[in-house]
Amino acid sequence: CRSADDSCLTSMARSLLLALSAAVAVAGSEPNPPTWPSTVRVFDPADSPATIEAAVQEAFKANGGPMENGQFSSKRFAFLFKPGRYSVEVPVGYYTQVAGLGVRPEDVVFASAKGVYCEEANYDPSPGALDTFWRSAENFLTEADFNWNNDGFSGMLWAASQASPVRRLVVSNDLSLSQYISGDYEAGFSSGGYVANTEVKGRLNSGSQQQFFARSMHIGEWVGGVWNMVTVGVAGAKASHCGANPITHQPSYVSVNKTPVVVEKPWVSTDAAGTYWLNVPRPAIEQSGVDFGNADAVPFEKVFVADASKDTAASINSKLKQGLHVVLAPGIYSLDAALELQVENQTLLGLGLATLVSAGGDAVIRVGDVDGVRVAGILAEAGPNRSKVLVEVGTGAHAGNAQ
(Lines give C-alpha, C1' and ligand atoms only; values in the text may rest on other atoms or scores of the structure.)
Protein backbone atom coordinates (compact mmCIF):
# COMPACT_ATOMS: atom_id res chain seq x y z
CA CYS A 1 0.00 0.00 0.00
CA ARG A 2 1.75 3.15 -1.20
CA SER A 3 -0.64 5.81 0.03
CA ALA A 4 -2.73 6.65 3.07
CA ASP A 5 -5.94 7.47 1.24
CA ASP A 6 -9.27 5.98 2.29
CA SER A 7 -9.31 3.25 -0.37
CA CYS A 8 -5.83 2.06 0.53
CA LEU A 9 -6.57 2.03 4.25
CA THR A 10 -9.83 0.21 3.58
CA SER A 11 -7.95 -2.44 1.58
CA MET A 12 -5.44 -2.88 4.42
CA ALA A 13 -8.24 -3.22 6.97
CA ARG A 14 -10.07 -5.82 4.86
CA SER A 15 -6.86 -7.81 4.40
CA LEU A 16 -6.28 -7.79 8.15
CA LEU A 17 -9.87 -8.89 8.79
CA LEU A 18 -9.51 -11.74 6.32
CA ALA A 19 -6.22 -12.86 7.86
CA LEU A 20 -7.70 -12.84 11.34
CA SER A 21 -10.81 -14.75 10.24
CA ALA A 22 -8.63 -17.36 8.55
CA ALA A 23 -6.43 -17.73 11.63
CA VAL A 24 -9.31 -18.41 13.98
CA ALA A 25 -11.29 -21.62 13.60
CA VAL A 26 -14.94 -20.68 13.45
CA ALA A 27 -17.62 -23.30 13.99
CA GLY A 28 -19.66 -23.65 10.84
CA SER A 29 -17.20 -21.63 8.71
CA GLU A 30 -18.64 -21.03 5.22
CA PRO A 31 -16.90 -21.04 1.82
CA ASN A 32 -15.52 -17.78 0.49
CA PRO A 33 -16.20 -17.21 -2.37
CA PRO A 34 -19.67 -18.59 -1.71
CA THR A 35 -21.43 -21.22 -3.77
CA TRP A 36 -24.23 -19.34 -5.48
CA PRO A 37 -27.31 -21.22 -6.73
CA SER A 38 -28.49 -20.76 -10.31
CA THR A 39 -30.82 -17.88 -9.37
CA VAL A 40 -27.74 -15.70 -8.83
CA ARG A 41 -25.59 -14.70 -11.82
CA VAL A 42 -22.26 -13.04 -11.14
CA PHE A 43 -20.71 -11.14 -14.05
CA ASP A 44 -17.14 -10.04 -14.63
CA PRO A 45 -15.95 -7.19 -16.90
CA ALA A 46 -14.21 -9.87 -18.98
CA ASP A 47 -17.58 -11.44 -19.85
CA SER A 48 -18.78 -10.50 -23.30
CA PRO A 49 -21.68 -8.04 -23.54
CA ALA A 50 -23.56 -10.64 -25.60
CA THR A 51 -23.26 -13.21 -22.80
CA ILE A 52 -24.46 -10.80 -20.15
CA GLU A 53 -27.35 -9.45 -22.20
CA ALA A 54 -28.49 -12.95 -23.19
CA ALA A 55 -28.79 -13.93 -19.50
CA VAL A 56 -30.60 -10.71 -18.65
CA GLN A 57 -32.99 -11.02 -21.58
CA GLU A 58 -33.83 -14.60 -20.64
CA ALA A 59 -34.93 -13.42 -17.19
CA PHE A 60 -36.76 -10.42 -18.65
CA LYS A 61 -38.65 -12.67 -21.04
CA ALA A 62 -40.02 -14.52 -18.01
CA ASN A 63 -40.54 -11.57 -15.65
CA GLY A 64 -40.70 -8.42 -17.75
CA GLY A 65 -42.16 -6.66 -20.75
CA PRO A 66 -45.57 -5.11 -21.55
CA MET A 67 -48.91 -6.04 -19.98
CA GLU A 68 -47.39 -6.78 -16.56
CA ASN A 69 -45.72 -9.94 -17.80
CA GLY A 70 -44.28 -11.82 -14.81
CA GLN A 71 -46.23 -9.95 -12.14
CA PHE A 72 -47.14 -13.20 -10.38
CA SER A 73 -44.18 -15.25 -11.54
CA SER A 74 -42.54 -17.79 -9.25
CA LYS A 75 -39.11 -16.97 -10.67
CA ARG A 76 -36.56 -14.80 -8.85
CA PHE A 77 -33.30 -13.35 -10.19
CA ALA A 78 -30.23 -11.52 -8.91
CA PHE A 79 -27.64 -10.15 -11.34
CA LEU A 80 -24.45 -9.17 -9.54
CA PHE A 81 -21.64 -7.28 -11.28
CA LYS A 82 -18.02 -7.37 -10.15
CA PRO A 83 -16.07 -4.07 -10.15
CA GLY A 84 -15.34 -2.72 -13.62
CA ARG A 85 -17.03 -1.13 -16.66
CA TYR A 86 -19.90 -2.72 -18.58
CA SER A 87 -21.22 -1.59 -21.95
CA VAL A 88 -24.46 -3.52 -21.62
CA GLU A 89 -28.13 -2.66 -21.35
CA VAL A 90 -30.05 -4.27 -18.54
CA PRO A 91 -33.86 -4.09 -18.40
CA VAL A 92 -35.17 -4.96 -14.94
CA GLY A 93 -38.40 -6.93 -14.60
CA TYR A 94 -40.43 -8.28 -11.71
CA TYR A 95 -38.61 -10.04 -8.84
CA THR A 96 -35.23 -8.98 -10.21
CA GLN A 97 -32.31 -7.27 -8.49
CA VAL A 98 -29.37 -5.69 -10.28
CA ALA A 99 -26.49 -4.78 -7.98
CA GLY A 100 -22.85 -3.86 -8.17
CA LEU A 101 -20.36 -5.79 -6.07
CA GLY A 102 -18.12 -2.84 -5.30
CA VAL A 103 -17.24 -1.25 -1.98
CA ARG A 104 -18.53 2.00 -3.48
CA PRO A 105 -21.05 2.61 -6.27
CA GLU A 106 -18.34 4.05 -8.52
CA ASP A 107 -16.58 0.66 -8.57
CA VAL A 108 -19.15 -0.72 -11.02
CA VAL A 109 -19.93 1.45 -14.06
CA PHE A 110 -22.64 0.94 -16.69
CA ALA A 111 -21.43 2.82 -19.75
CA SER A 112 -24.14 2.12 -22.35
CA ALA A 113 -26.85 4.53 -23.50
CA LYS A 114 -29.64 2.95 -21.41
CA GLY A 115 -27.62 1.10 -18.77
CA VAL A 116 -29.79 -0.44 -16.07
CA TYR A 117 -33.39 0.65 -16.54
CA CYS A 118 -37.01 -0.06 -15.69
CA GLU A 119 -39.81 0.71 -18.13
CA GLU A 120 -43.42 0.92 -17.01
CA ALA A 121 -45.05 -2.52 -17.04
CA ASN A 122 -48.03 -1.34 -19.08
CA TYR A 123 -47.72 1.12 -21.96
CA ASP A 124 -51.28 2.45 -21.52
CA PRO A 125 -51.23 5.70 -19.51
CA SER A 126 -53.50 4.04 -16.97
CA PRO A 127 -52.16 1.92 -15.32
CA GLY A 128 -48.78 2.85 -16.80
CA ALA A 129 -46.31 2.10 -13.99
CA LEU A 130 -48.92 1.68 -11.25
CA ASP A 131 -48.37 -2.10 -11.26
CA THR A 132 -44.60 -1.91 -11.77
CA PHE A 133 -43.50 -3.46 -8.48
CA TRP A 134 -40.91 -5.80 -6.92
CA ARG A 135 -37.50 -5.02 -8.39
CA SER A 136 -34.41 -3.07 -7.36
CA ALA A 137 -31.24 -1.37 -8.60
CA GLU A 138 -28.34 -0.91 -6.19
CA ASN A 139 -24.70 0.03 -5.78
CA PHE A 140 -23.40 1.18 -9.17
CA LEU A 141 -22.69 4.26 -11.28
CA THR A 142 -24.63 4.74 -14.50
CA GLU A 143 -23.46 6.90 -17.39
CA ALA A 144 -26.76 6.39 -19.25
CA ASP A 145 -27.63 9.30 -21.55
CA PHE A 146 -30.70 8.01 -23.40
CA ASN A 147 -33.55 10.48 -24.05
CA TRP A 148 -36.46 8.29 -22.99
CA ASN A 149 -39.36 10.73 -23.08
CA ASN A 150 -38.23 13.37 -25.60
CA ASP A 151 -38.62 15.94 -22.84
CA GLY A 152 -35.08 17.22 -22.47
CA PHE A 153 -34.09 14.74 -19.78
CA SER A 154 -31.39 12.24 -20.68
CA GLY A 155 -30.12 9.49 -18.44
CA MET A 156 -31.51 6.62 -16.38
CA LEU A 157 -35.18 5.59 -16.48
CA TRP A 158 -36.83 4.02 -13.43
CA ALA A 159 -40.58 4.13 -14.12
CA ALA A 160 -41.81 2.08 -11.15
CA SER A 161 -44.10 2.30 -8.16
CA GLN A 162 -44.10 0.56 -4.77
CA ALA A 163 -41.54 -2.00 -3.60
CA SER A 164 -39.09 -1.07 -6.38
CA PRO A 165 -36.30 0.77 -4.57
CA VAL A 166 -33.31 2.52 -6.07
CA ARG A 167 -30.45 2.66 -3.57
CA ARG A 168 -26.81 3.57 -3.40
CA LEU A 169 -26.40 4.81 -6.97
CA VAL A 170 -24.47 7.54 -8.72
CA VAL A 171 -26.38 8.83 -11.76
CA SER A 172 -24.06 10.84 -13.98
CA ASN A 173 -26.87 12.52 -15.92
CA ASP A 174 -30.64 12.74 -15.25
CA LEU A 175 -32.94 10.30 -13.47
CA SER A 176 -36.51 10.03 -14.84
CA LEU A 177 -39.12 8.35 -12.65
CA SER A 178 -41.98 8.01 -15.16
CA GLN A 179 -42.37 7.12 -18.83
CA TYR A 180 -44.14 8.81 -21.72
CA ILE A 181 -45.02 6.78 -24.81
CA SER A 182 -45.13 8.87 -27.98
CA GLY A 183 -48.69 9.53 -29.09
CA ASP A 184 -50.29 9.14 -25.65
CA TYR A 185 -52.18 12.04 -24.08
CA GLU A 186 -50.00 11.98 -20.94
CA ALA A 187 -47.25 10.06 -19.19
CA GLY A 188 -48.02 6.69 -17.68
CA PHE A 189 -49.30 6.91 -14.12
CA SER A 190 -46.83 6.09 -11.33
CA SER A 191 -47.08 6.21 -7.56
CA GLY A 192 -45.28 5.36 -4.36
CA GLY A 193 -41.67 5.09 -5.51
CA TYR A 194 -38.55 5.24 -3.34
CA VAL A 195 -34.97 6.39 -3.91
CA ALA A 196 -32.35 6.50 -1.15
CA ASN A 197 -28.64 7.15 -0.64
CA THR A 198 -28.22 8.17 -4.27
CA GLU A 199 -26.41 10.99 -6.02
CA VAL A 200 -28.01 12.42 -9.16
CA LYS A 201 -25.54 14.77 -10.80
CA GLY A 202 -28.15 16.04 -13.25
CA ARG A 203 -31.85 16.51 -12.56
CA LEU A 204 -34.37 14.20 -10.95
CA ASN A 205 -37.59 14.33 -12.97
CA SER A 206 -40.41 12.83 -10.93
CA GLY A 207 -42.87 13.35 -13.80
CA SER A 208 -46.19 11.62 -13.06
CA GLN A 209 -45.06 10.27 -9.68
CA GLN A 210 -47.39 10.81 -6.75
CA GLN A 211 -46.74 9.96 -3.09
CA PHE A 212 -43.02 9.66 -3.75
CA PHE A 213 -40.37 9.39 -1.03
CA ALA A 214 -36.67 10.22 -1.36
CA ARG A 215 -34.10 10.05 1.43
CA SER A 216 -30.43 10.83 1.98
CA MET A 217 -29.61 12.05 -1.51
CA HIS A 218 -27.70 14.71 -3.38
CA ILE A 219 -29.40 15.96 -6.55
CA GLY A 220 -28.75 18.74 -9.04
CA GLU A 221 -32.43 19.73 -9.18
CA TRP A 222 -35.83 18.19 -8.41
CA VAL A 223 -38.38 18.66 -11.20
CA GLY A 224 -42.07 17.77 -11.45
CA GLY A 225 -44.35 15.41 -9.60
CA VAL A 226 -48.10 15.31 -8.97
CA TRP A 227 -48.63 15.48 -5.21
CA ASN A 228 -47.12 14.34 -1.93
CA MET A 229 -43.45 14.66 -2.87
CA VAL A 230 -41.60 13.93 0.39
CA THR A 231 -37.84 14.29 0.85
CA VAL A 232 -35.75 13.69 3.97
CA GLY A 233 -32.07 14.56 4.10
CA VAL A 234 -31.95 15.42 0.37
CA ALA A 235 -29.43 18.08 -0.62
CA GLY A 236 -30.92 19.94 -3.57
CA ALA A 237 -34.57 19.24 -2.70
CA LYS A 238 -37.24 21.88 -3.10
CA ALA A 239 -38.35 23.87 -0.09
CA SER A 240 -41.52 22.74 1.66
CA HIS A 241 -44.81 24.29 0.64
CA CYS A 242 -48.42 23.20 1.01
CA GLY A 243 -50.89 22.83 -1.83
CA ALA A 244 -50.25 22.53 -5.55
CA ASN A 245 -49.66 25.79 -7.44
CA PRO A 246 -52.19 25.98 -10.32
CA ILE A 247 -50.13 28.62 -12.12
CA THR A 248 -46.71 26.96 -12.10
CA HIS A 249 -48.18 23.44 -11.99
CA GLN A 250 -45.79 22.56 -9.16
CA PRO A 251 -46.97 19.96 -6.65
CA SER A 252 -46.80 20.28 -2.89
CA TYR A 253 -43.49 19.31 -1.28
CA VAL A 254 -42.57 18.24 2.22
CA SER A 255 -38.84 18.59 2.74
CA VAL A 256 -37.01 17.67 5.95
CA ASN A 257 -33.42 18.92 5.85
CA LYS A 258 -31.77 16.01 7.66
CA THR A 259 -32.48 12.33 8.21
CA PRO A 260 -32.72 12.11 12.03
CA VAL A 261 -31.42 8.54 12.31
CA VAL A 262 -30.97 5.85 9.68
CA VAL A 263 -29.23 2.55 9.03
CA GLU A 264 -28.66 1.89 5.34
CA LYS A 265 -29.33 -1.50 3.78
CA PRO A 266 -26.45 -4.03 3.89
CA TRP A 267 -24.78 -4.94 0.61
CA VAL A 268 -22.46 -7.58 -0.80
CA SER A 269 -19.06 -6.78 -2.32
CA THR A 270 -16.07 -8.66 -3.70
CA ASP A 271 -12.43 -7.73 -4.14
CA ALA A 272 -9.66 -8.46 -6.62
CA ALA A 273 -8.76 -11.66 -4.76
CA GLY A 274 -12.28 -13.01 -5.23
CA THR A 275 -13.13 -12.68 -1.54
CA TYR A 276 -16.73 -11.76 -0.73
CA TRP A 277 -17.84 -9.42 2.03
CA LEU A 278 -21.13 -8.54 3.69
CA ASN A 279 -21.08 -4.82 4.37
CA VAL A 280 -23.23 -3.80 7.34
CA PRO A 281 -23.76 -0.03 7.66
CA ARG A 282 -23.63 1.64 11.05
CA PRO A 283 -26.34 4.04 12.25
CA ALA A 284 -26.07 7.61 10.95
CA ILE A 285 -27.43 10.60 12.85
CA GLU A 286 -28.67 13.90 11.35
CA GLN A 287 -27.60 12.95 7.84
CA SER A 288 -27.91 15.07 4.71
CA GLY A 289 -26.77 13.77 1.33
CA VAL A 290 -25.28 10.39 0.55
CA ASP A 291 -23.18 8.11 2.73
CA PHE A 292 -21.31 5.39 0.83
CA GLY A 293 -19.05 4.36 3.71
CA ASN A 294 -19.67 3.96 7.44
CA ALA A 295 -19.99 0.16 7.31
CA ASP A 296 -18.43 -2.90 8.91
CA ALA A 297 -17.15 -5.55 6.49
CA VAL A 298 -17.88 -9.18 7.41
CA PRO A 299 -16.07 -11.91 5.42
CA PHE A 300 -18.31 -14.55 3.89
CA GLU A 301 -16.72 -17.21 6.07
CA LYS A 302 -19.28 -15.87 8.55
CA VAL A 303 -22.16 -15.74 6.08
CA PHE A 304 -24.41 -18.66 5.12
CA VAL A 305 -25.93 -18.51 1.63
CA ALA A 306 -29.35 -20.19 1.62
CA ASP A 307 -30.78 -21.89 -1.46
CA ALA A 308 -34.57 -22.02 -1.83
CA SER A 309 -34.36 -25.29 -3.77
CA LYS A 310 -33.03 -27.19 -0.76
CA ASP A 311 -32.98 -25.12 2.44
CA THR A 312 -35.72 -25.19 5.06
CA ALA A 313 -36.52 -23.23 8.19
CA ALA A 314 -34.60 -25.87 10.16
CA SER A 315 -31.44 -25.70 8.04
CA ILE A 316 -31.39 -21.91 8.00
CA ASN A 317 -32.12 -21.64 11.72
CA SER A 318 -29.26 -24.01 12.48
CA LYS A 319 -26.90 -21.51 10.85
CA LEU A 320 -28.51 -18.54 12.60
CA LYS A 321 -28.07 -20.30 15.95
CA GLN A 322 -24.36 -20.60 15.22
CA GLY A 323 -24.23 -16.81 15.02
CA LEU A 324 -23.78 -16.71 11.25
CA HIS A 325 -25.30 -14.03 9.09
CA VAL A 326 -27.61 -15.32 6.35
CA VAL A 327 -27.97 -14.23 2.74
CA LEU A 328 -31.07 -15.67 1.08
CA ALA A 329 -30.49 -16.40 -2.61
CA PRO A 330 -33.43 -15.56 -4.88
CA GLY A 331 -36.31 -17.98 -4.65
CA ILE A 332 -39.50 -18.82 -2.78
CA TYR A 333 -38.91 -20.37 0.64
CA SER A 334 -41.85 -22.29 2.11
CA LEU A 335 -41.26 -22.14 5.87
CA ASP A 336 -42.94 -24.29 8.50
CA ALA A 337 -41.39 -22.14 11.23
CA ALA A 338 -40.08 -18.62 11.60
CA LEU A 339 -36.46 -17.75 10.92
CA GLU A 340 -35.13 -16.86 14.38
CA LEU A 341 -32.63 -14.02 14.79
CA GLN A 342 -31.53 -14.18 18.41
CA VAL A 343 -27.92 -12.95 18.11
CA GLU A 344 -26.89 -9.31 18.41
CA ASN A 345 -25.84 -7.56 15.18
CA GLN A 346 -27.03 -10.43 12.99
CA THR A 347 -28.03 -9.78 9.37
CA LEU A 348 -30.68 -11.52 7.27
CA LEU A 349 -30.37 -10.23 3.69
CA GLY A 350 -32.46 -11.31 0.71
CA LEU A 351 -31.23 -11.16 -2.88
CA GLY A 352 -33.56 -10.96 -5.88
CA LEU A 353 -36.54 -10.27 -3.61
CA ALA A 354 -36.24 -13.62 -1.87
CA THR A 355 -39.75 -14.57 -0.75
CA LEU A 356 -40.60 -16.18 2.58
CA VAL A 357 -43.99 -17.92 2.66
CA SER A 358 -45.63 -19.00 5.90
CA ALA A 359 -46.62 -22.62 5.30
CA GLY A 360 -48.28 -23.23 8.66
CA GLY A 361 -49.49 -19.89 9.93
CA ASP A 362 -46.38 -18.92 11.91
CA ALA A 363 -44.39 -15.75 11.36
CA VAL A 364 -41.66 -16.05 8.74
CA ILE A 365 -39.16 -13.87 10.65
CA ARG A 366 -38.86 -13.50 14.41
CA VAL A 367 -36.30 -11.14 15.92
CA GLY A 368 -35.52 -11.62 19.61
CA ASP A 369 -34.81 -9.00 22.27
CA VAL A 370 -31.36 -8.27 20.85
CA ASP A 371 -29.74 -5.14 19.42
CA GLY A 372 -28.33 -4.42 16.00
CA VAL A 373 -30.26 -6.93 13.87
CA ARG A 374 -30.68 -6.07 10.17
CA VAL A 375 -33.41 -7.56 7.96
CA ALA A 376 -33.58 -6.39 4.35
CA GLY A 377 -34.41 -7.35 0.78
CA ILE A 378 -37.16 -9.83 1.61
CA LEU A 379 -40.81 -10.34 0.62
CA ALA A 380 -42.89 -11.80 3.46
CA GLU A 381 -45.96 -13.64 2.22
CA ALA A 382 -48.92 -15.27 3.93
CA GLY A 383 -49.58 -18.92 3.14
CA PRO A 384 -52.66 -21.16 3.09
CA ASN A 385 -53.13 -20.87 6.86
CA ARG A 386 -53.89 -17.54 8.48
CA SER A 387 -50.96 -15.83 10.20
CA LYS A 388 -51.45 -13.31 12.98
CA VAL A 389 -48.12 -11.73 12.06
CA LEU A 390 -45.48 -12.34 9.40
CA VAL A 391 -42.55 -10.37 10.84
CA GLU A 392 -42.21 -10.17 14.62
CA VAL A 393 -39.60 -7.88 16.19
CA GLY A 394 -38.97 -8.24 19.92
CA THR A 395 -41.37 -9.02 22.74
CA GLY A 396 -41.91 -5.43 23.83
CA ALA A 397 -39.82 -5.96 26.96
CA HIS A 398 -36.49 -4.79 25.52
CA ALA A 399 -35.78 -1.05 25.32
CA GLY A 400 -33.02 -1.52 22.75
CA ASN A 401 -29.91 0.57 22.08
CA ALA A 402 -30.13 3.45 19.61
CA GLN A 403 -26.36 3.29 19.03
Side-chain angles (χ1 to χ4, degrees), residues 56-57 59-61 63-71 73 77 79 89-99 110 112-138 140 142-167 169 171-196 198 200 202-214 217 219 221-231 251 353:
V56 168
Q57 287 294 339
F60 193 71
K61 184 178 180 180
N63 280 15
M67 305 306 293
E68 293 90 5
N69 179 55
Q71 183 175 6
S73 170
F77 303 97
F79 296 115
E89 295 186 342
V90 183
V92 184
Y94 288 100
Y95 310 109
T96 302
Q97 177 187 21
V98 176
F110 288 94
S112 64
K114 294 181 179 179
V116 178
Y117 64 93
C118 171
E119 291 192 81
E120 59 189 9
N122 192 308
Y123 289 154
D124 291 334
S126 178
L130 291 178
D131 297 329
T132 310
F133 306 140
W134 306 317
R135 65 201 73 200
S136 68
E138 306 174 39
F140 57 81
T142 175
E143 296 177 348
D145 60 2
F146 193 75
N147 184 354
W148 285 94
N149 297 324
N150 294 316
D151 56 0
F153 294 88
S154 299
M156 179 178 178
L157 175 70
W158 196 260
S161 292
Q162 296 94 335
S164 301
V166 171
R167 300 176 184 268
L169 297 193
V171 179
S172 294
N173 296 301
D174 300 325
L175 174 61
S176 293
L177 300 176
S178 65
Q179 187 171 9
Y180 172 78
I181 302 300
S182 180
D184 285 342
Y185 59 90
E186 58 187 344
F189 297 169
S190 55
S191 176
Y194 177 75
V195 179
T198 289
V200 179
R203 297 167 294 172
L204 186 152
N205 180 20
S206 47
S208 66
Q209 283 284 349
Q210 50 187 307
Q211 303 165 8
F212 196 87
F213 181 57
M217 296 182 64
I219 60 177
E221 181 185 6
W222 186 293
V223 180
V226 179
W227 55 72
N228 295 345
M229 300 290 103
V230 179
T231 62
L353 287 88

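Summarising the geometry of Thr132 relative to Ala159, their closest heavy-atom pair is CG2-O, 3.5 Å, with the distance given to 0.1 Å. When all heavy atoms are compared, the tightest approach of Arg135 to Val92 is NH1-O, 2.9 Å. Between Trp158 and Pro165, the shortest heavy-atom distance links the atoms CZ2-O, 4.3 Å. The nearest pair of heavy atoms linking Asn173 to Glu143 is ND2-O, 3.5 Å. Closest approach of Asp174 and Arg203 over heavy atoms only: OD1-N, 2.8 Å. Taking both residues in full, the closest heavy atoms of Gln162 and Leu130 are given as OE1-O, 4.3 Å, listed atom of the first, atom of the second, then distance.
In this structure, CE in Met229 is found 7.5 Å from CZ in Phe212, a value given to the nearest 0.5 Å. The CG atom of Leu157 lies 8.5 Å from the CD atom of Glu120; values are rounded to the nearest 0.5 Å. From Asp145, atom CG reaches atom OG of Ser154 across 7.0 Å, with rounding to the nearest 0.5 Å. From Thr231, atom OG1 reaches atom CE of Met217 across 9.5 Å, with rounding to the nearest 0.5 Å. Atom CG of Leu175 is separated from atom CG of Asn205 by 9.0 Å, given to the nearest 0.5 angstrom.
A donor-acceptor pair shorter than 3.5 Å can be found between the side chains of Trp222 and Ser206. Between the side chains of Ser73 and Asn63, a donor-acceptor pair is found at a separation under 3.5 Å. The closest side-chain donor-acceptor pair between Ser191 and Ser161, if any, does not fall under 3.5 angstrom. Between the side chains of Gln210 and Asn228, not a single donor N or O lies within less than 3.5 Å of an accepting N or O.
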Point to revise | Verdict with reasoning, Trp148 to Tyr180, per ring pair (Phe, Tyr, Trp, His ring centres under 6.0 Å) | key: CA-CA 8 Å; Trp148 285 94; Tyr180 172 78; over 10 Å; no
Practice item. Kindly determine whether Met67 and Asn122 satisfy side chain to side chain contact (heavy atoms under 4.5 Å, CB included), including the steps that lead there. Key: CA-CA 5 Å; Met67 305 306 293; Asn122 192 308; 3.9 Å; yes
Check your understanding: side chain to side chain contact (heavy atoms under 4.5 Å, CB included) between Phe79 and Gln97: does it pass, once the steps are laid out?
Key -> CA-CA 6 Å; Phe79 296 115; Gln97 177 187 21; over 6 Å; no
Practice item. Given ring pair (Phe, Tyr, Trp, His ring centres under 6.0 Å), test Phe77 with Tyr95 step by step and report yes or no. Key: CA-CA 6 Å; Phe77 303 97; Tyr95 310 109; 9.3 Å; no
Point to revise | Step-by-step side chain to side chain contact (heavy atoms under 4.5 Å, CB included) determination, Asp131 to Tyr94 | key: CA-CA 10 Å; Asp131 297 329; Tyr94 288 100; 4.1 Å; yes
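Side chain of Asn149 to main chain of Asp151: no donor-acceptor pair is present (N/O by atom type, distance under 3.5 Å, no hydrogens or angles). Side-chain N or O atoms of Thr198 include one that pairs as donor or acceptor with a backbone N or O of Ala196 at under 3.5 Å. Side chain of Ser176 to backbone of Ser178: no donor-acceptor contact under 3.5 angstrom is found. A side-chain donor-acceptor contact under 3.5 Å links Glu89 to the backbone of Lys114. Proximity of a side-chain donor or acceptor of Ser164 to a complementary backbone N or O of Trp134 within less than 3.5 Å is detected. Using modelled atom types, no side-chain atom of Gln179 and backbone atom of Ala121 make a donor-acceptor pair closer than 3.5 Å.
Taking the six-membered ring for Trp and the full ring otherwise, Phe110 and Phe140 have centroids separated by under 6.0 Å.
Side-chain contact between Val223 and Phe153 is present, with heavy atoms from C-beta onward closer than 4.5 Å. Leu177 places none of its side-chain heavy atoms less than 4.5 Å from the side chain of Ser190.
Between Tyr194 and Phe213, the ring planes lie parallel to each other; the angle is under 30°, not in the 30° to 60° tilted range.
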